[in-house]
Amino acid sequence: MDRRVRVRFAPSPTGPLHIGGVRTALYNYLFANKHGGDFLIRIEDTDQTRFVPGAEEYIINSLKWLGIEAVEGIGFGDGPHAPYRQSERKPLYKQYVLQLIEAGHAYYAFDTAEELESMRERLKASNVDAKYDAITRGTMKNSLTLSEDEVKRRLESEEAYVVRFKLPRKEEVKFHDEIRGWVSFNTNQMDDKVLFKSDGMPTYHLANVVDDFLMQITHVIRGEEWLPSAPLHVLLYRAFGWENVMPAFAHLPLLLKPEGNGKLSKRDGDRLGFPVFPMNWNDPSSGELSSGYREAGYLPEAVVNLLALLGWNPGTTQELFTLEELVQAFSLDRVSKSGAKFDQNKAKWFNQQYVRKMSDEMLVPYLEKALAENGLDKQFDQAFLLQTCKLVKEKISFTKELWDYSRYFFVAPDTYDEQVVKKRWNDKIPALLSDLVYGIKAIDNYNHQSVEAAYQSALEKNGIAGKDFLQLFRVILTGVAGGPPLFEIAELIGKDNTLQRIEQAKSTLQNQA
RNA sequence: GGCCCGUUCGUCUAUCGGUUAGGACAAAAGAUUUUCAUUCUUUAAAGAGGGGUUCGACUCCCCUACGGGCUACCA
């Protein structure tokens with residue numbers, strides 16, 4: 001049976017999407033496009049109590065920023081299976097629940113929270129697994145124990161109820177996971193999960209199965225945390241009689257905390273020193289700000305690339321991939337089974353690779369943004385900005401660092417690297433600087449060659465070796481000890497600036513000495 | 001606790017019974033760059049432990065240990 005490949009990413013809008021979720025979305029996207037299928041987005045908002053305003057927009061915007069585009073669903077123009085928000089699909093689920101009840105696969109349960117609690121306590125006290133299952137359901141208030149009339153009466157009087165799945169007793173449930181192979185569970189370890197809540201909403205389990213069926217999903221690619229509930233989903237497909245179109249399952253390994261304990265969670269926020277979210281997130285209730293990759297200066301291509309390689313490999317030594325290349329190379333059988341710790345160093349390296357690939361022109365807007373942020377909103381010559389980017393590009397790993405490394409192109413230094421000054425400043429320097437100023441003033445055709453020539457002749461006249469002075473000259477012009485080729489900096493900042501900076505350093509440092 | 005999944009250099013990983021166990025990031029050393037960064041070269045670094053199966057196991061099976069996930073009218 002050849003069905004068109006259809007996969008979905010189904011987040012719930014309970015907060016910002018963390019990078020583990022982004023990776024799940026990415027793998028779904030890659031898989032769909034690899035097989036010429038559809039990738040769609042469905043919002044699983046069946047828990048109204050956990051709804052967080054703005055979370056849905058955040059999720060969609062994050063995916064868009066990264067270029068993980070869906071062809072259908074929330075944020076991507078809906079499609080033939082609209083609506084794609086489960087809260088808006090609410091009326092649809094009831095008939096499926098009824099279908100299950102009529103077929104004897106589910107039942108009404110009227111137990112109150114207190115009754116459930118006391119049942120659990122009772123069982124725990126006798127050292128038995130506290131669960132609502134084939135044994136305990138016989139002792140609870142549900143349509144299996146209550147008379148038909150009583151059930152009818154309770155339903156008619158609109159008493160609160162839930163619908164539970166009637167789990168077959170002691171049955172082995174086996175299914176094939178695309179990543180893990182055959183996995184099996186026994187129903188005697190499971191419980192009669194609630195399918196339909198007393199607020200009239202389905203639970204995840206029911207909604208996900210019904211929607212995947214209706215939306216003709218062929219592959220469910222999701223995090224490993226869903227593995228234990230997969231057998232329930234398999235059983236649901238059977239109970240509905242949909243087993244012939246049941247999607248294949250693929251449970252992805254989790255992204256772990258770098259320190260080695262537990263899966264990476266939303267709460268990790270900034271604690272770890274690197275973002276766990278794609279973009280900044282401002283929590284609407286606490287006001288707390290969690291930083292994102294975008295604002296931290298990561299390029300979307302780099303984030304996609306590094307995330308793709310965290311849990312998947314192409315089987316070759318290629319490490320740099322465009323999205324399109326990833327689509328071509330991707331396959332589920334090269335997804336690893338074990339969890340991966342996020343490596344900050346590698347992430348930085350990936351970003352550096354992508355910064356290098358950017359043209360100087362592409363870097364200019366980032367520099368302009370930094371200039372504005374630092375109060376330098378006067379207009380700079382585009383050619384000047386372009387040259388600055390060109391010189392600084394290879395020094396940086398993040399676009400954000402552009403400013404740190406190019407500050408002195410725009411502002412004369414107000415401090416000088418102390419170590420260099422201490423080591424290289426001596427009595428001979430003032431005279432040398434005077435000669436240098438004299439030499440530079442005399443230049444007609446000012447460029448890096450002519451400055452260097454003036455520099456060389458000043459050195460010769462004063463009997464000083466280039467080695468002993470270049471570093472100091474750099475500090476005089478820029479304030480700092482490292483940077484791009486010095487004479488090119490001198491050329492870029494211009495003759496007047498260069499002269500000014502020499503004079504300024506001369507007087508400042510002379511007074512200090 | 002119970003159930004399930006996992007376990008190769010510090011980290012991400014390759015290996016689908018026979019390899020000097022390979023690559024990348026990070027680390028260290030050297031060269032280049034009259035600085036820093038880059039680049040290049042080199043070094044160090046791994047099959048959790050114990051049993052099997054086999055002529056031969058990192059690779060297959062079992063046990064133990066460790067790690068992780070799940071165990072809600074949350075997803």
Side-chain angles (χ1 to χ4, degrees), chain A residues 10-15 21 44-50 86 109 111-113 116 120 124 127-132 160-164 177 179-181 183-186 188-191 193-205 207-208 222-231 251 253-254 256-258 260-263 306 309-320 333-334 336-350 352 356 392-397 405 417 420 465-475 478 480-486:
Chain A
S12 68
T14 54
E44 312 231 320
D45 55 350
T46 50
D47 185 353
Q48 295 157 328
T49 63
R50 294 211 306 159
Q86 290 181 329
D111 315 281
T112 62
L116 287 169
R120 289 190 181 114
K124 259 182 200 160
N127 236 336
V128 183
D129 255 7
K131 53 185 172 43
Y132 207 116
Y161 69 90
V162 300
V163 176
R164 287 180 181 272
D177 185 277
I179 293 166
R180 284 150 217 285
V183 180
S184 75
F185 290 81
N186 196 297
N188 62 18
Q189 295 297 333
M190 298 159 61
D191 61 353
K193 278 274 175 296
V194 170
L195 299 179
F196 199 75
K197 300 187 274 188
S198 57
D199 63 0
M201 278 291 224
T203 58
Y204 168 84
H205 304 294
N208 132 305
R222 77 230 298 193
E224 194 187 349
E225 70 267 30
W226 294 108
L227 194 50
S229 56
H251 290 94
L254 266 15
L256 274 15
K257 298 178 203 279
N261 296 307
K263 70 168 174 173
L306 72 92
L309 273 295
L310 221 46
W312 170 84
N313 77 83
T316 66
T317 55
Q318 184 179 355
E319 297 209 84
L320 265 16
D333 57 20
R334 294 207 71 91
S336 50
K337 298 180 179 71
S338 49
K341 286 177 196 160
F342 186 85
D343 183 353
Q344 207 181 161
N345 280 321
K346 191 84 182 237
K348 181 181 170 184
W349 178 81
F350 270 114
Q352 186 185 46
R356 295 239 174 99
V392 168
K393 188 161 120 182
E394 67 176 28
K395 308 284 171 194
I396 62 173
S397 298
Y405 287 82
D417 187 290
V420 173
K467 241 184 145 167
D468 297 331
F469 182 60
L470 189 83
Q471 181 80 330
L472 181 59
F473 190 32
R474 175 181 291 281
V475 169
T478 71
V480 295
L486 184 58

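In what follows, every chain begins at residue 1, and chains take the letters A, B, ... in the order their sequences are listed. Keep in mind the model is a prediction, meaning the values are calculated, not measured.
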Trainee: Reckon A:T46 has a side-chain N or O less than 4.0 Å from the OP1 or OP2 of B:A75?
Mentor: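 Yes, because at least one side-chain N or O of A:T46 sits under 4.0 Å from OP1 or OP2 of B:A75.
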Trainee: Nearest to the A:L254 side chain among B:C74, B:U38, B:G68, which nucleotide is it?
Mentor: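 Minimum distance to the A:L254 side chain belongs to B:G68.
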Trainee: Measure from CG on A:D191 to C1' on B:G2 and round the result to the nearest Å.
Mentor: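 Rounded to whole Å, this separation is 12 Å.
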Trainee: More 5' along RNA chain B: A:L227 or A:V162, using each one's nearest nucleotide?
Mentor: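 Final value for this comparison: A:L227.
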Trainee: Send over the distance from A:K348 NZ to B:C25 P, rounded to a whole Å.
Mentor: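 After rounding, the reported distance stands at 13 Å.
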Trainee: By nearest atom, which of the nucleotides B:C74, B:C25, B:U35 is closest to the A:K346 side chain?
Mentor: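 Among B:C74, B:C25, B:U35, the one nearest the side chain of A:K346 is B:C25.
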Trainee: So which nucleotide from B:A75, B:C4, B:C12 ends up closest to the side chain of A:L310?
Mentor: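 From the listed options, B:C12 comes nearest.
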Trainee: Whether A:S336 contacts B:U13 is assessed here as follows: a side-chain N or O lying under 4.0 Å from the phosphate OP1 or OP2. Is that the case?
Mentor: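 For B:U13, OP1/OP2 do have a side-chain N/O of A:S336 under 4.0 Å.
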Trainee: Under 30°, 30 to 60°, or over 60°: which ring-plane class applies to A:Y204 and A:W226, parallel, tilted or perpendicular?
Mentor: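 A:Y204 vs A:W226 ring planes: parallel.
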Trainee: May I ask you to say what A:S184 touches in the nucleic acid, namely base, sugar-phosphate or nothing, with a heavy-atom cut-off under 4.0 Å?
Mentor: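 Contact class for A:S184: sugar-phosphate only.
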Trainee: Given atom NZ of A:K337 and atom P of B:G69, what is their separation to the nearest angstrom?
Mentor: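 Computing the A:K337:NZ to B:G69:P distance gives 20 Å.
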Trainee: Might you point out which heavy atoms bring A:S397 and A:K348 nearest each other, and give the distance in Å?
Mentor: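 The answer is OG-CE, 3.5 Å.
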Trainee: Round to the nearest Å and state the distance from A:D129 atom CG to B:C3 atom P.
Mentor: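 Atom CG in A:D129 sits about 9 Å away from atom P in B:C3.
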Trainee: What is the separation between atom CE on A:M201 and atom P on B:A75, rounded to the nearest whole Å?
Mentor: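 Answer to the nearest Å: 9 Å.
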Trainee: Whole-Å distance between B:U33 P and A:L486 CG?
Mentor: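 A:L486 atom CG is separated from B:U33 atom P by 17 Å.
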Trainee: Under 4.0 Å between any heavy atoms, over every strand shown, what does A:S338 touch: base, sugar-phosphate, or nothing? Just pick one.
Mentor: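 Result for A:S338 = sugar-phosphate.
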Trainee: Any base atoms under 4.0 Å from A:R222, or only sugar-phosphate, or nothing? Heavy atoms, all strands.
Mentor: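 Touches nothing.
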Trainee: May I ask you to verify if any side-chain N or O of A:R334 is less than 4.0 angstrom from the OP1 or OP2 atom of B:U15?
Mentor: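 A:R334 to B:U15 OP1/OP2: side-chain N or O found under 4.0 Å.
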Trainee: Is A:F185 touching bases, backbone alone, or none of the nucleic acid, heavy atoms closer than 4.0 Å?
Mentor: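 Sugar-phosphate: the residue A:F185, judged by heavy atoms under 4.0 Å, touches backbone atoms but no base.
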Trainee: Measuring to OP1 and OP2 of B:A72, would you say a side-chain N or O of A:K131 lies under 4.0 angstrom away?
Mentor: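 Looking at the OP1 and OP2 atoms of B:A72, neither is under 4.0 Å from any side-chain N or O of A:K131.
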Trainee: Whole angstroms only, please: what is the NZ-P distance between A:K341 and B:G10?
Mentor: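 The distance from NZ of A:K341 to P of B:G10 comes to 10 Å, rounded to the nearest Å.
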Trainee: Under 3.5 Å, is there a donor-acceptor pair between the side chain of A:Q471 and the main chain of A:F473?
Mentor: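 No, the answer is negative, given that no donor and acceptor are paired below the 3.5 Å cut-off.
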Trainee: Going by purine N1 to pyrimidine N3 plus the second Watson-Crick contact, or the G-U wobble pair, all under 3.5 Å, which nucleotide sits opposite B:A44?
Mentor: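 Looking at the geometry, B:A44 pairs with no nucleotide.
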Trainee: Could you tell me whether the phosphate oxygens of B:A75, OP1 or OP2, come under 4.0 Å of any side-chain nitrogen or oxygen in A:K197?
Mentor: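 True: A:K197 side-chain N/O within range (under 4.0 Å) of B:A75 OP1/OP2.
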Trainee: Could you tell me the separation between the CG atom of A:N345 and the C1' atom of B:A26, rounded to a whole number of Å?
Mentor: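 These atoms are roughly 5 Å apart.
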Trainee: Looking at A:N313, is its backbone amide N or carbonyl O close enough to the side chain of A:R334 to form a donor-acceptor pair, meaning the two atoms are under 3.5 Å apart?
Mentor: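 The answer is yes, because a donor-acceptor pair under 3.5 Å joins these two groups.
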Trainee: Let me confirm one number: the NZ-CE distance from A:K131 to A:M190, rounded to the nearest 0.5 Å.
Mentor: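 Rounded to the nearest 0.5 Å, the NZ-CE separation comes to 10.0 Å.
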Trainee: Does the structure show a Watson-Crick or G-U wobble partner for B:G1, both distances under 3.5 Å? Name it, or say none.
Mentor: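 Check on B:G1: paired to B:U71, both distances under 3.5 Å.
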Trainee: I'd like the C1' distance from B:A14 over to B:A46, given in whole Å.
Mentor: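 Approximately 13 Å lies between the C1' atom of B:A46 and that of B:A14.
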Trainee: Quick one: is A:R164 getting a side-chain N or O under 4.0 Å of the B:C73 phosphate, OP1 or OP2?
Mentor: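 For B:C73, OP1 or OP2 has a side-chain N or O of A:R164 closer than 4.0 Å.
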Trainee: Here's a test of your reading of the structure: between A:V194 and A:A465, which maps to the more 5' nucleotide of RNA chain B?
Mentor: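 Nearest nucleotide further toward 5': that of A:A465.
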Trainee: Within the structure shown, what part of the strands sits under 4.0 Å from A:E394 by heavy-atom distance: base, sugar-phosphate, or nothing?
Mentor: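 Base, at least one base heavy atom under 4.0 Å.
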Trainee: How long is the gap from CG on A:L310 to OG on A:S336, to the nearest 0.5 Å?
Mentor: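 Spacing of CG (A:L310) from OG (A:S336) equals 8.5 Å.
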Trainee: Taking NZ, NE, NH1 and NH2 as the nitrogens, is one of them in A:R50 or A:D47 under 4.0 Å from a carboxylate oxygen of the other?
Mentor: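 Yes, A:R50 and A:D47 are salt-bridged.
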Trainee: Out of B:C5, B:C25, B:C73, which has the shortest distance to the side chain of A:W349?
Mentor: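 When the side chain of A:W349 is considered, B:C25 is the closest of B:C5, B:C25, B:C73.
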Trainee: Look through every strand shown and name the nucleotide pairing with B:C16 as Watson-Crick or G-U wobble, where both distances are under 3.5 Å.
Mentor: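 Because no pair has both required distances under 3.5 Å, B:C16 counts as unpaired.
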Trainee: Considering only heavy atoms from C-beta outward, does the side chain of A:T203 approach that of A:K197 to under 4.5 Å?
Mentor: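 Contact flag for A:T203/A:K197 side chains = yes.
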Trainee: Name the pairing partner of B:C25, where a pair is Watson-Crick or G-U wobble with both distances under 3.5 Å, or state none.
Mentor: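 Paired with B:G10.
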Trainee: Using atom C1' in both nucleotides, what's the gap between B:G49 and B:C25 to the nearest angstrom?
Mentor: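 Nearest-Å result for B:G49 against B:C25 at atom C1': 29 Å.
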Trainee: Using a heavy-atom cut-off of 4.0 Å across all strands, would you classify A:N188 as base, sugar-phosphate, or nothing?
Mentor: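 Nothing, no heavy atom under 4.0 Å.
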Trainee: Say you pick atom C1' in B:A57 and the same atom in B:C62; how far apart are they, in whole Å?
Mentor: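 B:A57 and B:C62 have their C1' atoms separated by 15 Å.
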Trainee: Measuring to OP1 and OP2 of B:G69, would you say a side-chain N or O of A:R180 lies under 4.0 angstrom away?
Mentor: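 For B:G69, neither OP1 nor OP2 has a side-chain N or O of A:R180 closer than 4.0 Å.
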